[in-house]
Amino acid sequence: MCLAIPVQVKEILPDDMAKVTLDGVTKIVSIALVDDVKPGDYLVLHVGYALAKIDPEEAERTLALLREAAMGDPVLGDAV
Amino acid sequence: MCLAIPVQVKEILPDDMAKVTLDGVTKIVSIALVDDVKPGDYLVLHVGYALAKIDPEEAERTLALLREAAMGDPVLGDAV
Amino acid sequence: MKYIDEYRDGRLAKDIARQIAAAVDPARSYHFMEFCGGHTHAISRYGLEDLLPANVRMIHGPGCPVCVLPIGRIDAAIALAMRPEITLCTYGDLMRVPGSNGSSLLKAKAAGADIRMVYSTLDALKIAEAEPNREVVFFAIGFETTTPPTALALRAAIARQIPNFSIFCNHVLTPAAIQNILESPDVRKLGTIKIDGFIGPAHVSTVIGTQPYEFFAEEFQKPVVVAGFEPLDVIQAILMLVHQVNDGRHEVENQYIRAVTALGNEKAQNEVARFFELRESFEWRGLGEVPYGALRLRPEYAQYDAEKRFSMVTPAAKDNPACECGAILRGVKKPADCKLFGTVCTPDTPMGSCMVSSEGACAAHWTYGRFREKARTQDEGRAVA
Amino acid sequence: MKYIDEYRDGRLAKDIARQIAAAVDPARSYHFMEFCGGHTHAISRYGLEDLLPANVRMIHGPGCPVCVLPIGRIDAAIALAMRPEITLCTYGDLMRVPGSNGSSLLKAKAAGADIRMVYSTLDALKIAEAEPNREVVFFAIGFETTTPPTALALRAAIARQIPNFSIFCNHVLTPAAIQNILESPDVRKLGTIKIDGFIGPAHVSTVIGTQPYEFFAEEFQKPVVVAGFEPLDVIQAILMLVHQVNDGRHEVENQYIRAVTALGNEKAQNEVARFFELRESFEWRGLGEVPYGALRLRPEYAQYDAEKRFSMVTPAAKDNPACECGAILRGVKKPADCKLFGTVCTPDTPMGSCMVSSEGACAAHWTYGRFREKARTQDEGRAVA
Amino acid sequence: MNVAIKAYKRKLDINNGRVDLSHGAGGRAMGQLIEGIFHKAFDNEWLRAGNDQSAFTVAAGRMVMTTDGYVVSPLFFPGGNIGTLAVHGTINDIAMAGAVPLYLSASFIIEEGFPLADLERIAESMGAASREAGVPIITGDTKVVERGKADGVFISTAGVGMVPAGLDLRSDAARPGDAVIVSGSIGDHGVTVMSKRENLEFDTDIVSDSAALHGLVATMVEASGQHIRLMRDPTRGGIAATLNEIAHQSKLGFHIDEEAIPLKPEVAAACEFLGLDPLNVANEGKLVVVVAPEGVEAVLAAMRAHPLGEEAALIGHAVADDHCFVQMATSFGGGRIVDWLSGEQLPRIC
Amino acid sequence: MNVAIKAYKRKLDINNGRVDLSHGAGGRAMGQLIEGIFHKAFDNEWLRAGNDQSAFTVAAGRMVMTTDGYVVSPLFFPGGNIGTLAVHGTINDIAMAGAVPLYLSASFIIEEGFPLADLERIAESMGAASREAGVPIITGDTKVVERGKADGVFISTAGVGMVPAGLDLRSDAARPGDAVIVSGSIGDHGVTVMSKRENLEFDTDIVSDSAALHGLVATMVEASGQHIRLMRDPTRGGIAATLNEIAHQSKLGFHIDEEAIPLKPEVAAACEFLGLDPLNVANEGKLVVVVAPEGVEAVLAAMRAHPLGEEAALIGHAVADDHCFVQMATSFGGGRIVDWLSGEQLPRIC
Ligand code: SF4
Ligand code: SF4
Ligand SMILES: [Mg+2]
Ligand SMILES: [Mg+2]
Ligand SMILES: [Mg+2]
Ligand SMILES: [Mg+2]
Ligand SMILES: [Mg+2]
Ligand SMILES: [Mg+2]
Ligand SMILES: [Mg+2]
Ligand SMILES: [Mg+2]
Ligand SMILES: [Mg+2]
Ligand SMILES: [Mg+2]
């Protein structure tokens, strides 16, 4: 039910809509719930609405942590 | 368009309707346009409504006239 | 089938045909117009023409309500039916009548209009009751035979308070049409076509009686024999007409005494009078404007009058100019005289109204009788070759 | 697929699994509940359990909005959909959820109800605009993830003046459910089930942020790691939980930092707050009445609230008494502990809600994991034989 | 129909159940529907084999293949239902080649919401009809479409058969002088179906003539196969359409005699009610055969000796005619053309 | 399709015309529709012969027959339309027996109002597909139903074919140890059709894989016919359904490897959008073949040498399993069951 996927913005359209893409598949979705969306941004898409932006640096950091963890280094995570 | 057929009344039903028959085929029709319809009567049926009673004596007279005419006797008809 | 089979007795028919042959004056010709499509159909379907002497010719009159409905009325009905809220109920006969530009109710239905074929006005009422969200319009058409059932439906709609039912009224009157034919320039003034007598309507007359024909018989000095729709009825009526012509009489005679009286069905007449009134003028396809030739709903029933309720307009629309329906309906020409007959105009793709209903002169001839012409042409063709 | 493929890297997963194995204390067991169905699905679909040491067990929580919808709400929706004027729009997930007596929206549709599956609330609005004569009701269901889209549809319906659109609101709140589990007698008082930590919701958290979990971590002394729905996200979160347990910490950590912040999506939160308010109590299937565990439309939007607009009642309806969904949702039992599992209850004919959505604990186990049990039983069977 | 799944534990609720979209989705529910209704009703080794196609052994020779779609409304009528039509009609099209029908296939398109009880009833009558005819339904397919996108159920059957050596009936084989024989009374099927049509309803004891004609055909072929020019089953459009088709294909005309055509009084009466010509009304258990003059006696005798041909009648002859007219001497004594019906506005009758 | 009437003078208005009820009534209008669209598009001697059935000569041997109904929505999609599916799908069910498809029949059920231009487009692509495959459509049927009682057009095709001597593929023939090969990437057809569904619309360059597989099958049979156990085209329900069916029919299990299954990135992405598993998505030009270990190399080589099998891949093996589970090693490294999809809620895709 909470299925959501990461998509990239191709084009901003009127009425808070945007054309987004995932590996050659394109769809028009609502970006009314997220501010300052720009082409190139990655969004979390759920039932036709973007819910959040994906932060590329944090994503990279997660992967780095994963790779470290895989090597046995301590996993620090992001204590909040 | 003016297709009409002779049917015999089998049964008088409520609401000015009647069950009529023609050679083993039965249908329910309106008799609202004809007065004093009784079982056994023959009616002229058109688009679901009886338009007239058939007068058995006159029908017999027509056939008699036809037979006379066929024999060459003068056709008298019914001058009105 | 009682009152059917005995009037289809072929042996009796041959005997009467013999009497007709004996009665006719070989020196003259007899032209009788059967006003009604019902008679036209019977003549064609039973091959009656084969039984008549060569100098007795039947002229097919305008007596088919489907055939005389003008193209503009079909266009108006189609335009109405295409409206999303409308359910148009109609007798099956109307489905294929050509409107403008090759349109028809059948094609409008295919294009998405909600059009339902009904067997009776009662069915249309039932639909209106069952589907209160639809505007159910009954496409009313027909002569005096078919008008009383429409009147009764209207009465029931009022009594049962069915607000979503209305009537697109196209009921027409036979006496007016007969008068129009007799007064047409072709028939009266130019004398190009001779009509020696009429076979009067069968079922129309059950309603209006024989009295309305007295005027023509007297005024135009033409014999009229009201006849049933079975083939023996028709052939007997022809014999009666031959006798009148031979005797120089021009009376109204009633062959269909088993169902028709002088005064007709007064109850039905009253129903019609209660709900309908005369139109000053109404177009008949083929005949043009006919004064007092049609009915409309009385103003007090305006809410049931689809023309008013939906502000319908009847567009001006022209028949195919090559179509000879008008001349055929007035008895001036025969179907085979039309260039379109049997080429582009057939019952499958009718161009004119006479080709639509099986009671139309062209359709009846094509469906049942065209082998006669073909036989002729073929013989001629072979004679030439 | 960027941000997908890299989180499905099996080699990396094996390495992390090795780290988990190295980190765990062999003398103790670790029970972690993944609250969300999305995590349950990922664990089953990718076979994550095969990678975990025997003393790390995952407990499938109630985090599937479809699974926790009580039977009475389904019955109410079916009753509404059977009304002739209603068009019920719903996400496909709900179609097969069992109501009372073997009913479901799928069967109601087969029986004539006008039920349409939509992909987005936008589609439901489109239907309402295109068919102004229908009463279009959106069957709204979902956690905090799915509520903002419903709020936006409501905003659009008001702005575009769509009077025939309304919402049957079944939105529920995750923190309330987590609290309910932690406070349930099984978990808290009886101690029959031990939960050592939680994997926190992924997409719910994009909206509400990580802050709401602080309370539990503190109050119940349980670690929480918010994690993404990809398998590497999950396994990384498990490793993080193991470390917290080993360290005796009970913090809220965020593995899903690429999409989740501490405060979440405030714009979405505001949209929700504008149109919705808390219900004092709402039944969760399996959990019973959960205080402040769901939302309803604010009274000023009553005309858009299908429950009020159509005077809907939620009938009292009992689950199949043999169904163990409740215990499973609270982590007390496992799917295979239910007598109905895999016999009369399968995803084709679900008896309880956990068998309906592919995110339900029973469905996920049946669809992806049941070979494990069978293998066990088979081995046992053979051992005996 | 290749699904054989035992893992489905809950029984089909035939009495109260309806077909829903899951029954067409390729999963277990579909397998259960197919097994629980179709395999059970048709019951044969080919279906049980559960392949995408079914196999059978043939001898060398001339085969025929045919297909027809059945969309009759209403689905059930006195004397049969859409299922019996789907079996009989396709067998008959095979039989009209003089062939021995061997196997049938059946493709079902079912509207969401269709009662399982009705589906079972249809399937069972198909099974019975196919067993009675000795022509098994060896392969099939099931699709479910949304409510409002079909009309209950549509069935398309196909059939194959083997033509006896030496027989080759063709649509252009009629010759002037040939006799036209009809196997029995006309119009029964069409009138029966129309009598049950909403808005047209009338009561009559007439039942559909729906029947498989291959047995009758076999006796005819045996009696005088070499003299049979061609056969047709006069379904949609009635014998009027059939004779006109043959006339155009064989490039000749027909002269038929109205009085010779077998017609039940009730059918005649129903046609009066409806304003229809019985020549245009559909049949589902009758055939029209064109026979060379030398074979007339033998064929007619063979037909009359068979239960489905007891009332067989010689109704006319082929004549040379460039216009391909079908002409009829009316019982009244005149002549007329018998034409295709134009733009028929009738209920669907097959 | 036995009407051959020249008396109809007005041309079909293909550009603007629509199918109306007269096109199904058995009269001239129907004859004109059939001739003007179907006979023209399929264009062969059998249809021109104008009989109720069509004849052909066969040698003695084992024949197969199959049927399928096609109800896909939308009717047109990238890579094909309902007509190409109806030709390819039925040819494929014949081919899955290892047989040489010979002839097809086609039954059309058309909704009143359907544009003649669309019907012609469908018929022409069927004609082209059948000519390309060398399998003529030799007999057919046309019905027209009222608006709202169908969904544009439904097509049921049936087919017959001849099995090469010595070949006998059966659903229960798989044995533990056998290899499972798929002929190419999965899910292309289903994703293409879904991408065009109203409300689900997304854009992608994927096209349906709709194709006739008998040529590929012929090379496989030639290469190693004796080692082929059985074949299936994984249509509705995808390869998940196909493998489960085979498992239950052959009473064994399968172990397959997710990484080995050919899958286009766009199909994978579309499945993410829709929350679907590509294993459940339909194919219309792919086959799954179970091969005895000795034949694997030859079959795989033959497949890869054929344009429709270039991407053929060995995806797993049959194993002994009383539970008939299809188990898959995920690319992630875990194990899972691959099951039938339950109560699919997808658009109709074949
Ligand atoms: S044949 Fe057609 S066009 Fe000619 S007069 Fe008759 S109806 Fe008119
Ligand atoms: S198997 Fe079915 S009945 Fe048992 S707990 Fe799970 S959902 Fe409930
Ligand atoms: Mg056929
Ligand atoms: Mg047939
Ligand atoms: Mg199939
Ligand atoms: Mg329907
Ligand atoms: Mg036939
Ligand atoms: Mg098949
Ligand atoms: Mg198939
Ligand atoms: Mg046919
Ligand atoms: Mg439709
Ligand atoms: Mg197949």
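These numbers come from a predicted model, not from an experiment. Side chains included, hydrogens not; waters and symmetry mates left out as well; all remaining heavy atoms used. Every chain is numbered from 1, with letters handed out A, B, ... down the list of sequences.
Exactly one residue among C:D15, C:L12, C:I16 makes a side chain to side chain contact (heavy atoms under 4.5 Å, CB included) with C:I235. That residue is C:I16.
If you measure heavy-atom distances from E:E259 to chain C, you find no contacts under 4.5 Å at all. Proximity to chain E (any heavy atom under 4.5 Å) is restricted, for C:I4, to the side chain, taken from C-beta onward. In this structure, no portion of E:A329 lies under 4.5 Å from any heavy atom of chain C. Contacts between C:S44 and chain E at a heavy-atom distance below 4.5 Å involve the backbone alone (N, CA, C, O).
Contacts with chain E were tallied for C:L122, C:D9, C:V118, C:I127; C:D9 has the most, counting heavy-atom pairs under 4.5 Å. Between chain E and the residues C:S120, C:P231, C:A17, the largest count of heavy-atom pairs under 4.5 Å involves C:P231. In terms of heavy-atom pairs under 4.5 angstrom with chain E, the leader among C:M1, C:R45, C:E49, C:K14 is C:R45.
Using a 3.5 Å distance cut-off with no hydrogens or angles, the side chains of C:T145 and C:H203 do not pair a donor with an acceptor. A donor-acceptor pair shorter than 3.5 Å can be found between the side chains of C:E34 and C:T40. For E:K264 and E:S185, the side-chain atoms include at least one donor-acceptor pair closer than 3.5 Å.
Remark: E:D233 does not engage E:K286 in a salt bridge, criterion side-chain N to carboxylate O under 4.0 Å.
By the side chain to side chain contact (heavy atoms under 4.5 Å, CB included) test, C:A128 pairs with C:V136, C:I162, C:N164, C:F165, sequence neighbours left out.
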